[in-house]
Structure formats: C-alpha cells, structure tokens
Amino acid sequence: MAVAGAERFKNYIGGEWVDASGGETFESLIPATGEPIGEFPRSTPEDVDRAVAAAKEAFESWRLVPAPKRAEILYRFAAHLVRHKDDLTDLMSREMGKVKAEAGGDVQEAIDMTLYMAGEGRRLFGQTTPSELPDKFQMSVRMPVGVVGVITPWNFPIAIPSWKIAPALVCGNTVVFKPAEDTPLLAERFVELLADAGLPPGVVNVVHGFGEEVGEAIVKHPDVPVITFTGSRETGVRVTKAAADQLKVVHLELGGKNAIIVMEDANLDLAVDGIVWSAFGTSGQRCTAASRVIVHQKIYGEVEKRLVSAAERMRLGPGWEDQTDLGPVINRAAIEKIHSYTGIGKDEGATLLTGGEPASGDGLDDGFYYRPTIFGDVAPDMRIAQEEIFGPTTALIPVKDFDEAIRVANDVKYGLSSSIFTQDVNRAFRAMRDLQTGITYINAGTTGAEVHLPFGGTKDTGNGHREAGQAALDVFTEWKSLYIDYSGKLQRAQIDNAEE
Ligand code: ADP
C-alpha cells in the first residue's frame, strides 16, 4: 500500500501499486506555497490498456456479487472516510488549497454519497407491470454496463470521485479512474481506503497522468463503454467527440455562470452572506460559484457597498490556518487566467470595485493567491458576465425589475445553478419555474447541493445526464426488460391480444 507523505506514489492496477510503464513522473504542488507534495506516475496509453484489462477481467466476477454485498464494501469505505476525515481535510487544505471548513465539507459529501449509494445495494429498483396476455409476467431490471472511465477535476478532490465511483460500483461496474493532475495525492488516499474496505483487485484502478495522454486514452478505449467526466466545457466537447465513434454513454458535468438575483424586498444581511459564500468560497473555484449577482436597482448601491466591505475584510492565507477566509487558487495558470479576465472587464468598461490583482506580502508571495474581485455596473453581455472565470471574481449587474432579472439570469450558455433572494412567495415560485438551470435555490446562495437529489445542469453545463440521487443510476446501468411466459403455449404480444 502506498503511504501518504512518502515522496513517490504509484498507479493502482489489478490490486498492485505500480509505476508508469515509461517510468516518467510529474509533481503535485501545494498551492499555498508552491512546494511539491509528491511525485506521481506520468502514465501512458499502455498503462491505460493494463488498467482496462484488469477492470474488464474483474467485471466478470464483480457483476455477480449480490448488490447488498457490494454495498457492504461501500459501508466499510464510508466508515474509513469518517475515521480519516481529519487527515483528509488537512491534506485537502494542502494539496488543493481550500479552507478547512470547506475541505471537511468535501469529505463529508463523499461520506454522504457513499452511504446513499450503499443503500442502493438493497434497492436498485426496477418496475413490474401487468402483461397484456394471460399467464405472463414482466419486469425491468438495471444491469451493470462494464468498465466505467472516471475522469475528475481538482476542485472537489474527494467528493467528485465518490459521486462517480460509489454509484458505478454498487451497480456492478468496475472502474478506471484518472484523477486531476493537480490533486493526485487525495485520489491516491481515496483509493487506498477503498482497497482497505475490501474491494477485490481490479474493481477500481487508478492511472495518474495528464488529460491528453491518459484521459483521452480512456475515452477512446474500446473496452470502456461509459465515461463520466467533470471538467471544463471545452474538454467536455473533446471527450464527447472522442467517444462518438464508439457510441459510448458519456456523462458530462461542465461549467456554470451562476447568478444570484437580489430583489428589492430581500433580506440584505442574508443575501450578502449568501453572495460572499457562493462567490468566494473555494476561491470561486466551484462549478456552482456565483459569478454574477443581478441586483434590483433600488438596492443596488447598498448591496454594492456591503459586498465590497465584506470582500475587503476577507483574510487570505493557507487553507490549513484557522483564521483564513480565502485560500489560494489551484496553480499559476489559474492566476493568469483570472487576471486576464480582470483586464477584459476593465477594457469592457465595467467598474473594478475591489481586488483585481494577485495578492502578495504577508507570507503570500510563493503561493497562488488572488484578491477577491468585484466588478460593478456590469452589462449582461460583457465577457465577464458570460464566460466562466473559475476564480474569486464576481460581476454585479443592475436591473430594473423581476422580469429583467430572470431574462438576464437566463441569457448565458450555461445552466447549472441559480438563486433568488426575495420575501415574495409569488416571485419565488415564478423564479423556480422560469430560471433555466438544473438547480435553483430560494433565499440561499448557488451552492449547497445534497446527495439525494439530482445534480447537474441544462444547456452547455452538460448533456442531459445527472449525478447523485436516483438519477445517477441511469448513467451506470442499462435497463433490461424481461418477459416470462408461463402459459405453456406460444402467445404473441399485440397479435394474440388483438385477436381476442
Ligand atoms: P480544468 O480546467 O478544471 O482543469 P479540465 O476539463 O481541463 O478542467 O480537466 C478536468 C479533467 O479532465 C482532468 O482530470 C484532466 O486531466 C482531464 N482532461 C483534460 N483533457 C482531457 C482530454 N482531452 N480527454 C480526457 N480527459 C481530459
């Protein structure tokens, strides 16, 4: 078993910890300091072939393990996560950078999802229906599909793998997992705990490495019929194209340009708390982050003033320090991307109210820190109000009434999360009906999904599939309809029925 804290880590294939076939490695860095946290195999398509072969072989016996028994392993895994929650939280604040309260939430989400999906081991319900013919029985059952390719991002490094791997396993599939190259150590720990829970060799395999080398090889592999991917829209399109020739099931969870609407009757204390949490939590690196705030013009000045003051009070620092409000962003490239959008916003004529630069001094110089950034007087069609920035930047957009607020909220290509702060129940219900997103919150920010409801979005946020809840099972199973005729004679559906 690999040991967290050691210098060099391995892939996990067929129950063995192994180096990449080419022997190359890459480093994972601590975003708060820029220092390496470990060295990982830079795998090749050859490693993917091995992992898929192991998963394919393991599938033949894993699919026959009764689902409640598969679930028992997940229950044990959840118990390991509970036992190791503090170490995983601390490790996440180092390797990924988010503050401890959020890192603990990330681990908790994985515990909740694993328990929920373990419960499916005794459900996985199908349907029975009456037959149109006498002495005939019929039902539908969920069947496992085979080897699932799991490709994850770095922003929820324990939660997102659990959202994909727990349902895939309880449904009877095996897994080849390629974690994000920025958080491989957390993935390593995740899989160690799964192995310790008693998962048979080959049921879950990890192949570390880069998207274009390892991720793409998984997506194109003929023995991987299902791909579940969370990441950027651009990569999601590439994945879809690469999988198209083989008509694979591709589940996509992509970007967002989520809006919070604040009406003139809103409880402003609550709204400001919700905006700060949704815009700057995880340093804005959540697909559900509130990167737009649509504010009724009557209260616009007040909201702007309160938000700027809240952003300027935020203390930047390493995620593991208790007093930190805002941790670093993931890497140097992220700083450059976020800063380029600050330039774009200024050029477009938006008013930079606060932030707008990398943070330095006070021990922050070696880390990847960006000041919480708010643009005011943003027009809905500006690029900073249309494109996903994935950093601590939000855009305030004034509107004159509710209808304009809904129109502006919907006028983006993404459709993940939305929220409205209002005391008016009629408006709240209209917003629930009219906001074109997969998730809508009333009097709460744009984040806070729970594991037993579907998670995912409309428009370019995905391709119609959902994670979490019962909906997730549709990605990881195929429906099979079964007809059992006990009449002892040939009965022909539709034909015999029509003649009678
Ligand atoms: P982000 O910009 O948030 O890192 P990406 O979409 O680039 O998002 O990455 C999400 C995951 O997809 C990562 O694990 C990454 O390695 C992987 N990935 C990147 N490019 C590809 C690709 N062409 N095919 C498959 N996976 C990829």
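Residues: numbered from 1 along the sequence shown. Just so you know, ligand 1 is whichever comes first in the structure, and atom 1 is the first atom listed for that ligand.
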Undergrad: Any idea which atoms of ligand 1 are less than 4.0 Å away from a heavy-atom of Trp154?
TA: 3 (O), 4 (O)

Undergrad: Give the residue and atom name of whichever protein heavy atom lies nearest to atom 23 (N) of ligand 1, and the separation in Å to one decimal.
TA: Glu216 OE1, 3.0 Å

Undergrad: In the protein, what heavy atom is nearest to atom 12 (O) of ligand 1, and what distance, to one decimal place, separates them?
TA: Phe229 CE1, 3.2 Å

Undergrad: Answer with side chain, backbone, both or neither: which part of Arg238 has a heavy atom less than 4.0 angstrom from an atom of ligand 1?
TA: side chain

Undergrad: Is at least one protein non-hydrogen atom found at under 4.0 angstrom from atom 9 (O) of ligand 1?
TA: no

Undergrad: Tell me which one of Ile397, Val272, Thr394 satisfies side-chain contact (heavy atoms from CB on, under 4.5 Å) with Val293.
TA: Thr394

Undergrad: Do Pro153 and Thr230 touch side chain to side chain, with heavy atoms closer than 4.5 Å?
TA: yes

Undergrad: Under 4.0 Å from a heavy atom of Glu181: give me the atoms of ligand 1 that qualify, with their elements.
TA: 13 (C), 14 (O), 15 (C), 16 (O)

Undergrad: Under a heavy-atom criterion of less than 4.0 Å, does Thr230 contact ligand 1?
TA: yes

Undergrad: Atom 26 (N) of ligand 1: which protein heavy atom is closest, and how many Å away?
TA: Gly215 CA, 3.7 Å

Undergrad: Find out whether Phe9 and Glu39 are in side-chain contact, i.e. whether some heavy atom of one side chain is under 4.5 Å from a heavy atom of the other.
TA: no

Undergrad: So do Ser28 and Glu181 actually touch side chain to side chain, heavy atoms under 4.5 Å?
TA: no

Undergrad: At a 4.0 Å threshold, what atoms of ligand 1 neighbour a non-hydrogen atom of Thr235?
TA: 5 (P), 6 (O), 7 (O), 18 (N), 19 (C), 20 (N), 21 (C), 22 (C), 27 (C)

Undergrad: Which protein non-hydrogen atom lies closest to atom 27 (C) of ligand 1, naming both residue and atom, and how far is it?
TA: Gly211 CA, 3.4 Å

Undergrad: What's the verdict on salt bridge (charged side-chain N to carboxylate O under 4.0 Å, His left out) for Glu357 and Arg371, showing C-alpha distance, side-chain angles and the deciding distance?
TA: CA-CA 6 Å; Glu357 57 184 5; Arg371 295 210 177 280; 3.7 Å; yes

Undergrad: For ligand 1, is there an N or O atom under 3.5 Å from any N or O atom of Glu212?
TA: no

Undergrad: For ligand 1, is Phe390 a contact, meaning one of its heavy atoms is under 4.0 Å away?
TA: no

Undergrad: Decide yes or no on ring pair (Phe, Tyr, Trp, His ring centres under 6.0 Å) for Phe190 and Phe77, but give the supporting numbers first.
TA: CA-CA 9 Å; Phe190 183 95; Phe77 174 56; 5.0 Å; yes

Undergrad: Could you check if a side-chain atom of Asp90 sits within less than 4.5 angstrom of a side-chain atom of Trp320, using non-hydrogen atoms only?
TA: yes

Undergrad: What are the atoms of ligand 1, with element, lying closer than 4.0 Å to any heavy atom of Ala180?
TA: 14 (O)

Undergrad: When you measure from atom 17 (C) of ligand 1 to every protein heavy atom, which one gives the shortest distance, and what is it?
TA: Ile151 CG2, 3.7 Å

Undergrad: Find out whether Val475 and Val226 are in side-chain contact, i.e. whether some heavy atom of one side chain is under 4.5 Å from a heavy atom of the other.
TA: yes

Undergrad: Taking Arg315 as the fixed residue, which of Asp325, Asp322, Asp362 is the one that meets the salt bridge (charged side-chain N to carboxylate O under 4.0 Å, His left out) rule?
TA: Asp325

Undergrad: Given that the side chain starts at C-beta and the backbone is N, CA, C, O, which of these parts of Thr152 lies under 4.0 Å from ligand 1, counting heavy atoms, or is it both or neither?
TA: backbone

Undergrad: Evaluate Tyr414 against Lys459 for side-chain contact (heavy atoms from CB on, under 4.5 Å), listing each step before the verdict.
TA: CA-CA 6 Å; Tyr414 296 110; Lys459 301 193 272 189; over 6 Å; no

